[in-house]
Amino acid sequence: MVRIFFMGIMKFFIIQGDKMKYFTKEWYLESKKIGNITETAERKYSSYYKVVKKLIPPELNIALSLHDNRLVKIGYDGNDYYMFFDPTHALSDTTRLVFKNTLILLDEGIYPGMDCIYTEIYPKFCGFELHFLFDSFLNDERILKYFTIQTEKVIYDFVFRNIGKCSKCGKIVSDPTKKNFESRIHKGIFINNIWYCEKCFQLE
């Protein structure tokens, strides 16, 4: 039994490849035509994530939940690679990501002005392999690009807007004890850079 579990975990340490496994371009374009296909991909990734979540710091998962976060600056600083974001219209509070000692496995030419719409996280012996799907429009034509990076560590910054996503159940929440409380959504709490809805926080 232990051997089976060990082998199950080990397969996630193998390099996944240079493209998205769950949130692919093909899936995303199809999801725009058939709504319920979105839930299918998210459910599959969620099942994978449950297996490896103890290997991924919760705050890292929050930082890399970049849905609709606008890329404003990218580049290298020595062996590190950085991304700056404008989260004004995003369901994300991340403003900066710095990937320490990086190896870029795939870059299809992402550029400032693109939105990051999905991320996949794969724990590795040396850190993490991160897969991104970026989206943009040019002359009313949708442009999708992959970006995949291997890194030892991720440094991140947030802007606090009192709106977030429960790290347990995924509900959109706002903290009623802080400024700018959004009364139209679920009540929650933001603690140690992690969002919880009231119910999930009580279960912790």
Side-chain angles (χ1 to χ4, degrees), residues 12 20-23 27-28 30-32 34-73 82-99 113-123 128 130-136 151 153-204:
F12 293 113
M20 304 287 272
K21 180 178 179 181
Y22 300 94
F23 304 117
W27 161 81
Y28 184 69
E30 192 65 22
S31 72
K32 294 300 179 181
I34 309 174
N36 61 0
I37 195 174
T38 302
E39 296 179 3
T40 301
E42 290 178 346
R43 187 165 57 248
K44 288 180 179 179
Y45 181 74
S46 179
S47 296
Y48 150 75
Y49 184 78
K50 288 177 181 178
V51 177
V52 299
K53 67 179 182 180
K54 290 185 177 180
L55 303 174
I56 302 172
E59 60 272 19
L60 176 61
N61 185 48
I62 296 294
L64 293 174
S65 297
L66 297 167
H67 197 68
D68 290 336
N69 212 334
R70 180 65 52 87
L71 190 65
V72 295
K73 187 178 180 180
Y82 59 81
M83 294 179 176
F84 285 85
F85 294 91
D86 175 8
T88 303
H89 303 292
L91 187 59
S92 169
D93 292 325
T94 302
T95 56
R96 180 179 71 114
L97 295 171
V98 179
F99 307 99
M114 301 196 82
D115 296 333
C116 184
I117 50 178
Y118 284 100
T119 311
E120 296 175 1
I121 308 173
Y122 298 94
F128 301 94
L130 309 173
H131 297 226
F132 300 88
L133 179 61
F134 284 88
D135 178 36
S136 184
T151 181
K153 182 181 179 181
V154 183
I155 298 173
Y156 35 84
D157 291 328
F158 297 97
V159 58
F160 186 75
R161 294 185 296 148
N162 202 3
I163 183 171
K165 189 175 184 180
C166 176
S167 60
K168 297 296 183 181
C169 69
K171 288 180 181 177
I172 306 305
V173 297
S174 185
D175 190 336
T177 67
K178 301 186 184 302
K179 295 180 180 180
N180 303 322
F181 170 58
E182 293 284 349
S183 59
R184 296 168 295 177
I185 57 181
H186 297 282
K187 293 181 180 179
I189 184 170
F190 186 69
I191 185 169
N192 296 329
N193 284 330
I194 302 174
W195 279 104
Y196 300 93
C197 70
E198 288 183 327
K199 182 178 180 180
C200 290
F201 183 71
Q202 292 171 2
L203 296 175
E204 276 290 293

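Quick note: residue numbers are just sequence positions, from 1.
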Let me see the working for Val173 and Tyr196 under side-chain contact (heavy atoms from CB on, under 4.5 Å), right down to the final yes or no.
CA-CA 8 Å; Val173 297; Tyr196 300 93; over 6 Å; no
Using modelled atom types and a 3.5 Å cut-off, is there a donor and acceptor pairing between side-chain atoms of Thr119 and backbone atoms of Leu64?
yes
The ring pair (Phe, Tyr, Trp, His ring centres under 6.0 Å) partner of His67 among Phe85, Phe23, Phe132, Tyr118 is Tyr118
Could you go step by step and tell me if Met83 and Phe99 meet the side-chain contact (heavy atoms from CB on, under 4.5 Å) rule?
CA-CA 9 Å; Met83 294 179 176; Phe99 307 99; 4.0 Å; yes
Check: Asp157 main-chain N/O paired with Thr95 side-chain donor or acceptor under 3.5 Å
yes
For Arg96 and Tyr156, indicate whether the former's side chain and the latter's backbone hold a donor-acceptor pair under 3.5 Å.
no
Kindly indicate, with the supporting measurements, whether the criterion side-chain contact (heavy atoms from CB on, under 4.5 Å) is fulfilled by Asn61 and Ser167.
CA-CA 8 Å; Asn61 185 48; Ser167 60; 5.9 Å; no
Do the side chain of Ser92 and the main chain of Pro87 share a donor and acceptor less than 3.5 angstrom apart?
no
NZ on Lys171 to SG on Cys197, rounded to 0.5 Å:
5.0 Å
Are the side chain of Ser46 and the backbone of Arg43 linked by a donor-acceptor contact shorter than 3.5 Å?
no
Do the side chains of Ile194 and Phe201 get nearer than 4.5 Å, heavy atoms only?
no
side-chain contact (heavy atoms from CB on, under 4.5 Å) for Lys187 and Phe181? Distances and angles first, verdict last.
CA-CA 9 Å; Lys187 293 181 180 179; Phe181 170 58; 4.0 Å; yes
So, applying side-chain contact (heavy atoms from CB on, under 4.5 Å) with Trp195, which one of Ile172, Asp175, Ile189 is it?
Asp175
Counting distance only, does the side-chain N/O of Asp135 pair as donor-acceptor with the main-chain N or O of Asp115 below 3.5 Å?
no
Listed by chain and number, what are the salt bridge (charged side-chain N to carboxylate O under 4.0 Å, His left out) partners of Asp68, not counting sequence neighbours?
none
Any chance the side chains of Lys32 and Tyr28 put a donor and an acceptor closer than 3.5 Å?
yes
So, applying ring pair (Phe, Tyr, Trp, His ring centres under 6.0 Å) with Tyr122, which one of Tyr48, Phe128, Tyr49 is it?
Tyr48
